[in-house]
Q: 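One structure is given below, represented as structure tokens, and several questions about it will come after.
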Amino acid sequence: MFQVISFLIYWLKRVDEHSLHAPFIYSFFTQVLKQKHSDSPDIAQIHQQMLSDNRSIQLTDFGAGSRVSSSGQRSIRSIAKYASTPVKFSKMMKHLIHHFQFTEVLELGTSLGINTLYLSSDPQVKVTTLEGDPNIAKIASDNFKASKRENIALIVGNIDETLPKVLKNERKVDLVYIDANHRFEPTLRYFDMILLNCHSESIIILDDIHWSKEMASAWKNLISRPEVTLSIDVFEAGLLWINPKLDKQHYILNF
């Protein structure tokens, strides 16, 4: 019910290019969000294989769990259907990386690796992706090998433990996609840690901001931070800029 009410509020408040006057946000909306993003047949094929895979695996969940099943075992097809980033959003992030000419990407929550494949579509882009569950990570790794991706570094283990190590050795990141844990305190902690590795042009994307009351509270907390200048709610996720050249603004955009 919480998600239904959240979507109704989003639907009533969302705006499009006709209500956008600031040049930066207008350009972002028209050139990134509303662009028709090209298909990637090779990734689509792997995604379809995952959606047809009836094998069950044992899960080790370090976060808030699944919203569709409380079982420790789930089929790969169920994970692909309910726990993967929507393809539409993955395509948008792929285009966003190209639009801003980003080269350093950090992903928290690899899942089956479908979204990671979109993020790493350009061989010049280095993607570091963190996954807590070793069984899911094994499937993601197989998908990366099938796609012959040489620009993905997969780090397996509890993200609470692996993230500090990665950030210590990582260069400044351009794009960060947080799709892990889905709880209030860890989400804010991840943001604070990652912020130290960001630069003024970096974008931090928080997935599932309307997934639960906890995530909605985490999103509200982050958009109120003084270091966050521009925030965009597209319901599926929230995008955060820390660019001091941008005016403090919050938008709810049709996507």
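What you see is a predicted model, and the numbers here were worked out from it, not measured in a lab.
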Q: With no hydrogens and no angle check, is any side-chain donor or acceptor of Thr110 less than 3.5 Å from a backbone partner on Gly113?
A: no
Q: Donor-acceptor pair, Thr229 side chain versus Asn243 backbone, under 3.5 Å?
A: yes
Q: Ignoring hydrogens and geometry, is there a side-chain-to-backbone donor-acceptor pair from Gln35 to Thr30 under 3.5 Å?
A: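 Yes; judged by distance alone, with no hydrogens or angles, the pair exists.
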Q: Any salt bridge between Asp39 and Lys91, counting N to O under 4.0 Å?
A: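 Salt bridge between Asp39 and Lys91, a charged N being under 4.0 Å from a carboxylate O: yes.
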Q: Is there a side-chain contact between Ile46 and Ile114, using heavy atoms and a 4.5 Å cut-off?
A: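 Answer yes - side chains close enough.
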Q: Measuring from atom OG of Ser147 to atom CD1 of Ile152, what distance do you get when rounded to the nearest 0.5 angstrom?
A: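 If we round to the nearest 0.5 Å, Ser147:OG and Ile152:CD1 are 7.5 Å apart.
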Q: Within the structure provided, determine whether His210 and Phe7 are in side-chain contact (heavy-atom separation under 4.5 Å).
A: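 Answer no - side chains too far apart.
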Q: May I ask you to say whether Lys165 pairs ionically with Glu161, meaning some side-chain N is under 4.0 Å from a carboxylate O?
A: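 Judged by the 4.0 Å cut-off on N to carboxylate O distance, Lys165 and Glu161 do not form a salt bridge.
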Q: Does any N or O in the side chain of Asp179 come within less than 3.5 Å of the main-chain N or O of Asp207, such that one atom is a donor and the other an acceptor?
A: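 Absent.
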Q: Mind listing the closest non-hydrogen atom pair of Val15 and Phe29 along with its distance?
A: O-CE1, 4.2 Å
Q: Side chains of Met50 and Ser84: closer than 4.5 Å at any heavy-atom pair?
A: no
Q: Within a reach of under 6.0 Å around CD of Glu185, are more than 12 heavy atoms found that belong to other residues, nucleotides or ligands?
A: yes
Q: Report yes or no: does Asp233 contribute a side-chain atom to a donor-acceptor pair with the main-chain N or O of Tyr10 at less than 3.5 Å?
A: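 No; zero donor-acceptor contacts below 3.5 Å.
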Q: Quick check: does any side chain N or O of Ser27 sit under 3.5 Å from a backbone N or O of Pro23, one acting as donor and the other as acceptor?
A: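 Looks like no, no N/O pair under 3.5 Å.
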Q: If you define the side chain from C-beta out and look only at heavy atoms, does anything of Glu227 sit under 4.5 Å from Phe191?
A: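 Glu227 reaches Phe191 side chain to side chain.
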Q: State, with a plain yes or no, whether a side-chain heavy atom of Met215 is found less than 4.5 Å away from one of Leu206.
A: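 Yes, close enough: below the 4.5 Å cut-off.
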Q: I need the minimum non-hydrogen distance between Ser90 and Tyr118, along with the two atoms involved.
A: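 Result for this residue pair: CB-CD1, 3.5 Å.
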Q: Scan the side chains in residues 97-107 for donor-acceptor partners under 3.5 Å anywhere in the protein, sequence neighbours excluded, and list what turns up.
A:
residue: Glu104; atom: OE2; partner: Arg171; partner atom: NH2; Å: 2.6
residue: Glu107; atom: OE1; partner: Thr116; partner atom: OG1; Å: 2.6
residue: Glu107; atom: OE1; partner: Thr129; partner atom: OG1; Å: 2.6
residue: Glu107; atom: OE2; partner: Asn115; partner atom: ND2; Å: 2.9

Q: Supply the atom-to-atom distance His199 NE2 to Asp174 CG, rounded to the nearest 0.5 angstrom.
A: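 Here the interatomic distance stands at 4.0 Å.
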Q: Within the side chain of Asn197, is there an N or O that forms a donor-acceptor pair under 3.5 Å with the backbone of Val173?
A: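 The answer is no, because no donor-acceptor pair under 3.5 Å joins these two groups.
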Q: So Leu96 and Leu239, side-chain contact (heavy atoms from CB on, under 4.5 Å) or not? Walk me through it.
A: CA-CA 11 Å; Leu96 183 152; Leu239 295 85; 4.0 Å; yes
Q: Say whether, by atom type as modelled, one donor and one acceptor occur between the side chain of Lys88 and the main chain of Phe255 under 3.5 angstrom.
A: yes
Q: Indicate, with yes or no, if Leu20 and Leu12 share a hydrophobic cluster defined by side-chain heavy-atom contacts under 4.5 Å among Ile, Leu, Val, Met, Phe, Trp and Tyr.
A: yes
Q: Minimum heavy-atom separation for His250 and Ser231, please, with both atom names.
A: ND1-OG, 2.7 Å
Q: Got His21 and Tyr26 here, is their nearest side-chain heavy-atom distance under 4.5 Å?
A: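 Side chain of His21 against side chain of Tyr26, heavy atoms only: no contact under 4.5 Å found.
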Q: First locate atom CD1 of Ile159, then atom CD1 of Ile178, and finally report the distance between them rounded to the nearest 0.5 Å.
A: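 Rounded to the nearest 0.5 Å, the CD1-CD1 separation comes to 9.5 Å.
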Q: Can you check whether Ile194 reaches Leu108 side chain to side chain, under 4.5 Å on heavy atoms?
A: yes
Q: I'd like to know if the side chain of Asp133 and the backbone of Ile136 have a donor-acceptor N/O pair within less than 3.5 Å.
A: yes
Q: What do the steps show when you test Leu230 against Tyr251 for side-chain contact (heavy atoms from CB on, under 4.5 Å), and what is the final call?
A: CA-CA 8 Å; Leu230 173 63; Tyr251 295 91; 3.6 Å; yes
Q: Does Lys220 have more than 12 heavy atoms from other residues, nucleotides or ligands lying within 6.0 Å of its NZ?
A: no
Q: Nearest 0.5 angstrom please: Met93 CE to Ile203 CD1, how far?
A: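 CD1 of Ile203 is found 11.5 Å from CE of Met93.
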Q: Please check if the number of heavy atoms outside Asp247 that lie under 6.0 Å from its CG is greater than 12.
A: no
Q: Nearest 0.5 Å, please: how far is CH2 in Trp241 from CD in Glu201?
A: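 Taking CD in Glu201 and CH2 in Trp241, the distance rounds to 11.0 Å.
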Q: Which residues satisfy the side chain to side chain contact (heavy atoms under 4.5 Å, CB included) test with Ala137, sequence neighbours excluded?
A: Glu131, Leu154, Val156
Q: For Val228 versus Ile223, what's the shortest heavy-atom pair and its separation?
A: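 Residues Val228 and Ile223, closest heavy atoms: CG1-CA, 4.4 Å.
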Q: Could you check whether atom NZ of Lys81 has more than 12 heavy atoms from other residues, nucleotides or ligands sitting under 6.0 Å from it?
A: no
Q: Could you tell me whether Arg225 and Asp192 make a salt bridge, using a distance below 4.0 angstrom between a side-chain N and a carboxylate O?
A: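 Counted as a salt bridge, because a side-chain N and a carboxylate O are separated by less than 4.0 Å.
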Q: Please determine whether residues Leu253 and Ile9 belong to a single hydrophobic cluster, defined as Ile, Leu, Val, Met, Phe, Trp and Tyr linked transitively by side-chain heavy-atom distances below 4.5 Å.
A: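 Each belongs to a different hydrophobic cluster.
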Q: Work out which heavy atom in Trp219 is nearest to a heavy atom in Gly238; give both atom names and the distance.
A: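 Result for this residue pair: CH2-CA, 3.4 Å.
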Q: From Ile139 CD1 over to Ile76 CD1, what is the distance, rounded to the nearest 0.5 angstrom?
A: 3.5 Å
Q: Quick one: do Arg189 and Asp160 make a salt bridge, cutoff under 4.0 Å?
A: yes
Q: Apply side-chain contact (heavy atoms from CB on, under 4.5 Å) to residues Ile79 and Leu59 and explain how you reach the verdict.
A: CA-CA 10 Å; Ile79 297 171; Leu59 300 182; 4.1 Å; yes
Q: Please lay out, stage by stage, how Lys245 and Phe24 fare under the test side-chain contact (heavy atoms from CB on, under 4.5 Å).
A: CA-CA 11 Å; Lys245 295 180 181 178; Phe24 181 87; over 6 Å; no
Q: Once you measure the plane-to-plane angle for His37 and His95, does it fall in the parallel (<30°), tilted (30-60°) or perpendicular (>60°) bin?
A: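 Aromatic pair His37/His95 classed tilted.
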Q: If every non-hydrogen atom of Leu51 is compared with every non-hydrogen atom of Arg77, which pair is closest and at what distance?
A: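 Looks like O-CB, 3.3 Å.
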Q: Does a side-chain heavy-atom distance below 4.5 Å link Arg14 with Phe235?
A: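 Contact flag for Arg14/Phe235 side chains = no.
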